[in-house]
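Chain naming here is simple, since letters A, B, ... match the order of the sequence lines and numbering starts at 1 in each.
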Protein chains: 4
Amino acid sequence: MAAEDVATTRVGRPRSERARRAVLHAVDDLLVDVGYAAMTMKGIAERAGVGRQTLYRWWTTKAEILLEAIVDDVAEDLTTPGCPEAADDLLTYLRALTEFLVAAPAGLAYRALVGEAQHDPAVRGLVHGADLLDTSARAVLDRVRPAVPAMPSPDLCAAQFVGPVVYRVFTAQAFSDEELREHVRTLLASWSQR
Amino acid sequence: MAAEDVATTRVGRPRSERARRAVLHAVDDLLVDVGYAAMTMKGIAERAGVGRQTLYRWWTTKAEILLEAIVDDVAEDLTTPGCPEAADDLLTYLRALTEFLVAAPAGLAYRALVGEAQHDPAVRGLVHGADLLDTSARAVLDRVRPAVPAMPSPDLCAAQFVGPVVYRVFTAQAFSDEELREHVRTLLASWSQR
Amino acid sequence: MAAEDVATTRVGRPRSERARRAVLHAVDDLLVDVGYAAMTMKGIAERAGVGRQTLYRWWTTKAEILLEAIVDDVAEDLTTPGCPEAADDLLTYLRALTEFLVAAPAGLAYRALVGEAQHDPAVRGLVHGADLLDTSARAVLDRVRPAVPAMPSPDLCAAQFVGPVVYRVFTAQAFSDEELREHVRTLLASWSQR
Amino acid sequence: MAAEDVATTRVGRPRSERARRAVLHAVDDLLVDVGYAAMTMKGIAERAGVGRQTLYRWWTTKAEILLEAIVDDVAEDLTTPGCPEAADDLLTYLRALTEFLVAAPAGLAYRALVGEAQHDPAVRGLVHGADLLDTSARAVLDRVRPAVPAMPSPDLCAAQFVGPVVYRVFTAQAFSDEELREHVRTLLASWSQR
DNA sequence: ATCTAACCGAGACGGTACGTCACGTCTTACA
DNA sequence: TGTAAGACGTGACGTACCGTCTCGGTTAGAT
């Protein structure tokens with residue numbers, strides 16, 4: 001019983017929650033103000049009013065900080081209410097996803113992180129570890145599943161569902177609302193067959 | 001007559017084709033050797049045995065050099081022979097695409113560039129301007145179109161075709177061959193309906 | 001009466017003699033191991049197994065700690081037995097002084113402190129306050145005074161006696177034993193005149 | 001013939017004399033303004049309007065820069081006119097030396113450098129290599145030599161001459177003018193004997 | 001037998017200099 | 001004019017130490 005206390009109780013000054021929050025807020029602000037590329041560890045420290053060493057003590061890269069800063073926002077931004085009609089449910093989600101990727105601060109961060117992951121293996125592991133889009137997309141797919149008889153495996157489903165949307169945003173040409181609706185229509189058609 | 005010469009013929013020493021090739025080769029080598037992130041303008045110049053000024057005279061960023069270095073390779077890597085059966089044609093292309101994205105030098109470059117484009121507006125324009133995947137994907141889709149009655153617009157088609165594959169590679173979990181086949185199957189099902 | 005107790009007897013936990021000794025030993029060790037320049041307050045605390053705050057509570061600089069650590073050693077290292085012949089007495093001391101400055105740990109510390117005093121006013125006051133060489137040199141000079149009729153003022157005497165030796169060590173070229181003997185010879189000649 | 005040109009002509013942009021001068025002036029200024037201890041490589045670069053890399057390209061430590069900055073001033077400050085009377089000649093030099101060590105900017109620098117040399121081997125070599133006091137002191141001693149029959153070796157002479165003065169300044173108690181005169185008197189007495 | 005005050009160790013805190021690296025520009029000599 | 005070489009001013013990198021602070025815990029005299 002006392003042994004547990006020994007394990008829990010840390011010696012020395014405890015980590016400052018104030019500093020942690022200041023850093024996460026600074027990262028959020030800087031992403032919008034100067035963008036991911038121009039965001040530096042030095043800049044984050046200065047904006048947060050925090051020592052540089054404190055940053056390096058708890059995080060290793062700006063990607064890691066950013067991920068911690070946005071992970072909750074992503075889930076929140078992509079939580080949609082759910083509709084009785086399957087098509088509406090899917091469409092609502094994809095509209096939210098497009099809006100998120102194109103305009104939301106957390107969406108910019110998401111794109112920056114996934115982008116960075118393409119040439120930094122450490123970030124790749126980080127992004128892969130944190131489920132960012134998948135959980136929210138699966139929630140929607142699970143909701144409509146009863147109404148759609150022939151859905152493939154959840155992994156493939158999710159990729160077919162959000163993949164085209166994400167791909168288009170990444171290659172600079174987001175779907176129009178028409179295309180979004182047509183995408184949902186063909187998707188449901190294929191998943192309802194047989 | 002003379003005016004045309006003034007416009008086209010430049011006075012002074014002409015651009016060195018030797019230097020240009022050396023730079024493009026250096027970029028190719030460095031991408032494989034050290035990766036995109038660790039690739040620097042200084043490093044490219046040294047590897048190519050070229051002055052730093054020469055780089056900045058003809059290109060503005062490493063992204064621009066890399067794009068010029070790989071654009072032909074991308075087209076070549078993604079040109080597939082074509083099969084009588086539509087499903088086989090599509091599948092062959094997607095297998096080539098997956099292999100390209102996961103392993104080919106030009107594929108690594110593609111991912112690095114599209115990744116960088118997410119947080120650098122200049123690179124974004126660059127990547128959007130150069131059609132890298134689209135032309136090759138459309139070529140395949142055009143081949144199978146006669147056999148598939150209800151294909152949506154070419155833009156949406158292409159996105160539905162390659163989007164899920166690209167999305168999965170970008171988020172660290174490439175499709176298995178099974179998933180690839182299932183993807184083609186459901187896609188054709190939806191495009192053949194009514 | 002009680003007032004005296006209030007002044008002398010402190011309430012609360014008394015200063016730890018164990019910590020004090022550990023610090024002084026750590027400073028001694030570090031001086032030899034890493035040198036004065038590379039010796040840091042942090043390093044001293046770690047080597048002594050002592051909290052950083054404890055250092056700052058009792059000393060302000062590493063110079064102050066070092067001075068406390070060596071002041072007794074200096075006196076001991078420079079105490080020479082005394083000879084019936086004045087020249088031998090002086091020579092014995094100067095040999096001990098040279099050895100001390102060139103090789104003894106306390107001598108290295110002395111040089112480091114006097115050196116630091118040249119660009120740190122606080123250390124300058126510290127070193128000036130503590131008589132390090134003077135008392136031992138004066139003891140020798142007092143012994144020989146009866147045999148030397150025309151010695152100048154003690155202050156000047158001491159400077160003429162040890163100054164050249166210290167100067168030469170500080171500017172990197174210690175006296176040879178021959179030079180030491182010649183130095184004593186001329187010194188005695190001048191102090192014996194008239 | 002041409003071989004010499006090849007050796008002399010350097011490729012690339014030549015070293016900026018403007019930057020070199022700016023650095024040496026900055027060091028001079030900073031020594032007086034903030035003192036040697038508070039003088040940093042960063043501070044020098046900023047004061048000189050020079051890149052930090054430029055400092056490290058041509059010098060390794062602030063001591064090295066300072067030495068280059070003051071070496072000419074030292075010689076100039078310690079050049080005395082010479083008097084017909086030997087005692088006056090020596091006294092004039094020692095007065096100049098005292099003034100130099102106590103008040104002159106170059107003298108502060110000299111003390112800082114010799115001080116630093118006591119705990120930094122690299123600076124020790126530097127200071128030992130550059131003859132700072134010796135040449136000027138020897139010049140004076142050479143002038144008076146004809147009038148002083150029994151001077152010891154030049155090395156010992158110089159040490160006996162300036163050593164006591166330097167020692168006293170270093171240990172924070174400069175000679176008074178009286179002591180200076182008495183020092184010269186006893187010195188000449190010993191050097192004139194037999 | 002508590003209470004209280006000063007000590008102790010550990011270690012996180014906001015700063016700042018370190019020495020290195022790449023940036024994009026410039027200034028040479030040469031082709 | 002183009003080129004290779006390389007120095008220039010700028011500024012971020014990740015590390016080290018500064019001196020201060022905030023913990024839990026210890027050790028004494030005072031209550």
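Set against E:dC18, E:dG9, F:dG9, the side chain of C:R18 has E:dG9 as its closest nucleotide. Candidate nucleotides E:dA17, F:dG9, E:dG9 were compared by shortest atom distance to the side chain of D:V50, and F:dG9 ranks first. With E:dG19, F:dC18, F:dC8 as the choices, the nucleotide that has an atom nearest any side-chain atom of D:Y56 turns out to be E:dG19. Proximity note for C:T54 (side chain, C-beta onward) versus F:dT27, F:dT3, E:dG9: the nearest is E:dG9. In the set F:dC13, E:dG14, E:dA22, the nucleotide with an atom closest to the side chain of A:K42 is F:dC13. Counting only heavy atoms from C-beta on, B:Q53 has its side chain closest to E:dT27 among E:dC18, E:dT27, F:dA30.
The two residues D:I70 and D:A106 have their closest heavy-atom pair at CD1-O, 4.0 Å. B:M41 and B:L55 get closest at one heavy-atom pair: O-CD2, 3.3 Å.
Across the protein-nucleic acid pair, C:R52 atom CZ and E:dC7 atom C1' stand 18 Å apart, rounded to whole Å. If you measure from atom CD of D:E46 to atom C1' of E:dT16, you get 11 Å, rounded to the nearest angstrom. Note: CZ (A:R20) to C1' (E:dA12) measures 16 Å, nearest angstrom. Atom CZ of A:R10 and atom P of F:dG25 are 13 Å apart (whole Å). Regarding B:L55, its CG atom lies at a distance of 14 Å from the P atom of E:dA22, rounded to whole Å. F:dA12 atom P lies 14 Å from atom CZ of A:R47, rounded to whole Å. Atom CD1 of C:I65 and atom P of F:dC18 are 10 Å apart (whole Å). For the pair C:I44 CD1 and F:dC17 C1', the computed distance is 12 Å after rounding to whole Å.
Nucleotides of DNA chain E nearest to C:P14 and D:V11 differ in position, and the one nearer the 5' end is that of C:P14. Checking D:R15 against A:T60, the closest nucleotide of DNA chain F that is more toward the 5' end is the one next to D:R15. Taking for each of A:S16 and D:T40 the nucleotide of DNA chain E with the nearest heavy atom, the 5'-most of the two is the partner of A:S16. Nearest-nucleotide assignment on DNA chain F puts the 5′-proximal partner with B:E17, out of A:G12 and B:E17.
Taking side-chain N and O atoms only, B:R57 has no distance below 4.0 Å to OP1 or OP2 of F:dA4. For C:W59 and F:dG19, the shortest distance from a side-chain N or O to OP1 or OP2 is not below 4.0 Å. Residue A:W58 places none of its side-chain N or O atoms closer than 4.0 Å to OP1 or OP2 of E:dG11.
Salt bridge status for A:E68 with A:R20: present, with a side-chain N to carboxylate O gap under 4.0 Å.
Taking a 6.0 Å sphere around CZ of C:R21, one finds it holds 12 or fewer heavy atoms contributed by other residues, nucleotides or ligands.
Nucleic acid contact for D:G49: sugar-phosphate only, since backbone atoms but no base atoms lie under 4.0 Å from a heavy atom of the residue.
The side-chain heavy atoms of A:R111 and A:L108, taken from C-beta on, include a pair separated by under 4.5 Å.
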>> Using the rule given for side-chain contact (heavy atoms from CB on, under 4.5 Å), can you reason through D:V114 versus C:Q118, listing the C-alpha separation, both sets of side-chain angles and the distance that settles it, and then say yes or no?
In response: CA-CA 8 Å; D:V114 173; C:Q118 304 315 309; over 6 Å; no
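With hydrogens and angles ignored, no donor-acceptor pair closer than 3.5 Å exists between the side chain of B:R13 and the base of F:dT3.
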